[in-house]
Amino acid sequence: MAIKWSKTLLSTLRDDPQEAEIPSHKLMLRAGLIRKLSGGLYIFTPLGHRALRKVQNIIREEMDAAGAQEILMPALQPIELWERSGRANQMGASMFRLKDRLDRTMVLGPTHEEVVTDYITKEISSYRQLPCTVYQIQTKFRDEIRPRFGLMRSKEFIMKDAYSFDVSMEAADDSYKAMYDAYVKIFKRCGLIAKPVEADTGAIGGNHSHEFMALAPSGEDGILDCEACGYAANQERAERKIAGSKYNEYAGEPEEVPTPGAHTVSESAAAVGVPDDQIVKSLIYIADGKPVMAIVEGTRELNECKLRRFLGCMELELADDETAAKVAGPFGSIGPIDVNIPVYADVGLRGAKDVVVGANKDGFHIKHIDLEKHAKITAWADIATVVEGDCCPVCGAPLRIARGIEVGHVFKLGTKYTKAFDSTFLDADAKSNIMIMGCYGIGVTRTVQAVIEQNFDKDGIIWPSSVSPCQVTVLPLDAAKSEECAAATDKLVQELEASGIDVLVDDRDERPGVKFKDADLIGCTIRVVVGTRSLQQGGVEVRVRKTGDSSLVPLDNAAEQIASLLKQF
RNA sequence: CGGGGUGUAGCGCAGUCUGGUAGCGCGUUUGGUUCGGGACCAAAAGGUCACGGGUUCGAAUCCCGUCACCCCGACCA
């Protein structure tokens, strides 16, 4: 199909909008793909919507090919379902709630585990109906604390969410694998480099998950990966090979040292006269309302995600100074000795016999501490954040770090929801069993932007043909004055349409320079220039946006050549 | 919610310190000249200077408050 610029609601911007920070967001606004309604809410313009639909269609094709069935569930849902799963509180303020005219509380669905589980439970009663995977492409609502980067994190976004139901863990593994494989294909077809990594399961729950991370410097997540063995994980859950503390030899009896005015690890280390990593960093957290202490090496970051998972708590937040002082010591001098709250020590501190801790007394630390001997460690746990250069937990090689945009996430949920909804089926022996569930999400709108984040240059977007709003843009330069040019353009566009190629024709009465700049900015995969000059030289100019390579092609061969180029880019 | 920043025409900005009744570039409209990498000339449309209150003869500008948006953190596709 062909669309004419002059008949399309399409305008480009010459300058970067001040509101946008990252390249893809700037480019989407400049190329006229989206317009902002308000914070975290965007309109897809005719052109932007075309790209969005192409991504959706790729997802549909691969979901269907993987045996998933498309359904559509309501965005508006009764709160009761969420109370049943226990997530009404857990989702907290990030779930939009409203009342209907009968004063019943409804929510705008942030996700659909509850609805789908309710539906499937009522629908399926026999093992003969399993396995079953359903999916939908639908708008989700999340009252994000901070929407940002345009479509990257918005209050309303389009998600493809799929849910699998199986008779057993083993069968569920197959369903999971099918979705995982489909995701690999989907992102590849979209022209995205998306890396599957081990991930934290967060509020969705379950015990095992992979995220698909589109690599980009603007990504919100850190990803650690091992070149040697292929291990890859989100920083939220990445592990490291533990060597244990290097301060593992007795060096004397505990001794209080004055460290006046020292609040940070570095200041304390300097005051005591030891390296930073010999200091033990002690942090007080409130876990589901109860104070706990977590300790790590002074040079490491504590990983709240890992701590939360280890503790199995819903809420975890750093205690304020006042609370910390009450249960342990003043800010800057907190330590694990003689405290009456649980102390969780990072495994990196194992074997530490000569470290420095806060004395729980303003302006004092204690040196020569043997953690096992002098502190009551409630449990040793892997709760530190892994950083670049740490050793791979699988093979020991040094880990690398990169940034990634989470475009997809697949979860093995087990029975978290099916138990709550009593989702049972009768097996071949007429015995009742609980279904095993999995869930699988793709941020569709986010994926569109991620494609741009990975495919642009100084002139604009470089669309892969699979998702380009139009595969080809045709620039007639002299159509108004030259009948030959107008006729050649018509012929070419007709032939392209006949070959199933979609075309944007820039039929505006603009100077060539303007058309070139806009074509580069919008970035359709192939650009064709039809001008009197090229026609005199024997044809039209076909240029690949990505490489900049252009060649003069006789009009009669153009459609065919373009079709073949589209397969490559 | 904590920290930082910005609100002046569709977009990008100046003017705010030192109050005097709003300006530039781009875009838009009309006419003309141009026409292969964001042309030129001429004319024009478009602004309750985020909002509310205060100070003042007079406020975009000073004071108080509110809101919106953007960035850094916790949340997530």
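Being a predicted model, the structure only gives us computed values, none of them experimental. Chain letters run A, B, ... following the sequence lines, proteins first, then strands; residues in each count from 1.
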**OP:** Return the nucleotide paired to C40(B): Watson-Crick means purine N1 to pyrimidine N3 with N6-O4 or O6-N4, wobble means G-U with N1-O2 and O6-N3, both under 3.5 Å.
**Re:** G32(B)
Subject >> Integer-rounded Å distance: A14(B) P and D15(A) CG >> reply: 13 Å
**OP:** Give D161(A) one of three labels, base, sugar-phosphate or nothing, depending on what nucleic acid heavy atoms sit under 4.0 Å from its own.
**Re:** nothing
**OP:** Go ahead and name the base partner of C13(B); Watson-Crick or wobble counts if both distances stay under 3.5 Å, otherwise write none.
**Re:** G23(B)
Original post:
Going through the distances and angles, do N455(A) and I461(A) end up as a side-chain contact (heavy atoms from CB on, under 4.5 Å)?
Top reply: CA-CA 6 Å; N455(A) 297 281; I461(A) 302 169; 5.8 Å; no
**OP:** May I have the distance from I145(A) (atom CD1) to C1(B) (atom P), rounded to whole angstrom?
**Re:** 11 Å
Give me the distances for all protein-to-nucleotides 67-72 of chain B N/O pairs that come in under 3.5 Å?
residue: C69(B); atom: OP1; partner: G39(A); partner atom: N; Å: 3.0
residue: C69(B); atom: O3'; partner: K36(A); partner atom: NZ; Å: 3.0
residue: C72(B); atom: OP2; partner: R146(A); partner atom: NH1; Å: 3.0
residue: C72(B); atom: OP2; partner: R146(A); partner atom: NH2; Å: 2.6
residue: C72(B); atom: OP2; partner: R148(A); partner atom: NH1; Å: 3.0

Original post:
How would you label the contact of V529(A) with the nucleic acid (heavy atoms, under 4.0 Å): base, sugar-phosphate, or nothing?
Top reply: base
Original post:
If you look at every strand shown and take non-hydrogen atoms under 4.0 Å, does V407(A) touch a base, only sugar-phosphate, or nothing?
Top reply: sugar-phosphate
Original post:
Picking from C11(B), C76(B), G38(B), which would you name as closest to the side chain of K517(A)?
Top reply: G38(B)
Original post:
Will you find, in the side chains of E113(A) and Y417(A), an N or O donor that is under 3.5 Å from an N or O acceptor?
Top reply: no
**OP:** Name the closest nucleotide to the F516(A) side chain, picking from A77(B), G37(B), A74(B).
**Re:** G37(B)
**OP:** For A22(B) and G47(B), measure between their C1' atoms and round to the nearest Å.
**Re:** 9 Å
Original post:
Do any side-chain nitrogens or oxygens of R14(A) fall under 4.0 Å of OP1 or OP2 in C26(B)?
Top reply: no
Original post:
Which whole-number value in Å describes the distance from D518(A) CG to G37(B) P?
Top reply: 15 Å
Original post:
Roughly, in whole Å, what's the span from CG in D16(A) to C1' in C26(B)?
Top reply: 14 Å
Subject >> Modelled atom types, side-chain donor and acceptor of E198(A) and N234(A), under 3.5 Å >> reply: no
Subject >> Residue matched to G52(B) through Watson-Crick or wobble contacts both under 3.5 angstrom >> reply: C64(B)
Subject >> Between U48(B) and C1(B) - C1' atom distance, rounded Å >> reply: 34 Å
Subject >> Span that lies between the P atom of U56(B) and that of G12(B), in whole angstrom >> reply: 37 Å
Subject >> Over 12 non-hydrogen atoms of neighbours within 6.0 angstrom of CD1 in I193(A) >> reply: no
Original post:
What nucleic acid atoms does S11(A) come within less than 4.0 Å of, heavy atoms only: base, sugar-phosphate, or nothing?
Top reply: nothing
**OP:** Choose from A77(B), G38(B), G37(B) the nucleotide whose nearest atom is closest to any side-chain atom of R30(A).
**Re:** G38(B)
Original post:
For atom C1', what is the distance between U8(B) and G25(B), given to the nearest Å?
Top reply: 15 Å
**OP:** Check the distance between G73(B)'s C1' and Y285(A)'s OH and give it to me in whole angstrom.
**Re:** 12 Å
Original post:
Which part of the nucleic acid does G408(A) contact within heavy-atom distance under 4.0 Å: base, sugar-phosphate only, or nothing?
Top reply: sugar-phosphate
Subject >> Polar side chain donor-acceptor pair, E453(A) to S24(A), under 3.5 angstrom >> reply: yes
**OP:** Quick one: label G513(A) by what it contacts on the DNA or RNA (base, sugar-phosphate, nothing), any heavy atom closer than 4.0 Å.
**Re:** sugar-phosphate
**OP:** Mind calculating the distance between CD (E156(A)) and C1' (C76(B)) to the nearest angstrom?
**Re:** 16 Å
Original post:
Counting side-chain heavy atoms from CB outward, which of G12(B), G38(B), C75(B) is closest to P17(A)?
Top reply: G12(B)
Original post:
On a whole-Å scale, what distance lies between the C1' atoms belonging to G23(B) and G46(B)?
Top reply: 14 Å
**OP:** Give one of base, sugar-phosphate or nothing for R527(A), where a contact means two heavy atoms less than 4.0 Å apart.
**Re:** base
Original post:
Mind checking whether H25(A) and Y42(A) have parallel, tilted or perpendicular rings, split at 30° and 60°?
Top reply: perpendicular
**OP:** Starting from the 5' end of RNA chain B, give me the residue, V444(A) or R543(A), whose nearest nucleotide shows up first.
**Re:** R543(A)
**OP:** Would you kindly compare D459(A) and C305(A) by the position of their nearest RNA chain B nucleotide and give the one closer to the 5′ end?
**Re:** D459(A)
Subject >> Nucleotide nearest R511(A) when distance is taken to its side chain, options C76(B), U34(B), A74(B) >> reply: U34(B)
Original post:
What integer number of Å spans the P atoms of G58(B) and G3(B)?
Top reply: 37 Å
**OP:** Would you confirm whether the ring centroid of F411(A) sits within less than 6.0 angstrom of the ring centroid of H409(A)?
**Re:** yes
Subject >> NZ (K185(A)) with more than 12 external heavy atoms under 6.0 Å >> reply: no
Original post:
Rounding to the closest angstrom, what is the interatomic distance between G7(B) and C63(B) at atom P?
Top reply: 15 Å
Original post:
With a 4.0 Å cut-off on heavy atoms, is S154(A) in touch with a base, just the backbone sugar-phosphate, or nothing at all?
Top reply: base
Original post:
Using 30° and 60° as the class limits, which term best fits the ring planes of F187(A) and Y183(A): parallel, tilted or perpendicular?
Top reply: perpendicular
Subject >> Spacing between E220(A) atom CD and G73(B) atom P, to the nearest angstrom >> reply: 9 Å
Subject >> Which nucleotide in A77(B), G36(B), G37(B) has an atom nearest any side-chain atom of R142(A) >> reply: A77(B)
**OP:** Please work out if D221(A) contacts a base, only the sugar-phosphate, or nothing of the nucleic acid, heavy-atom cut-off 4.0 Å.
**Re:** base
Original post:
Can you tell me how far C1' of G12(B) sits from NZ of K26(A), to the nearest Å?
Top reply: 13 Å
Original post:
When the C1' atoms of U28(B) and C11(B) are considered, how many whole Å apart are they?
Top reply: 12 Å
Subject >> Closest listed nucleotide, where the reference is the side chain of D520(A) and the choices are G37(B), A77(B), G36(B) >> reply: G37(B)
Subject >> Residues E156(A) and T139(A): side-chain donor-acceptor under 3.5 angstrom >> reply: no
Subject >> Base-pairing mate for G73(B) - Watson-Crick or G-U, with both contacts under 3.5 Å >> reply: C1(B)
**OP:** Could you work out which one of C11(B), A74(B), G38(B) sits closest to the side chain of V514(A)?
**Re:** G38(B)
Original post:
With distance as the sole criterion, is a donor-acceptor pair present between the side chains of D507(A) and S6(A) under 3.5 Å?
Top reply: yes
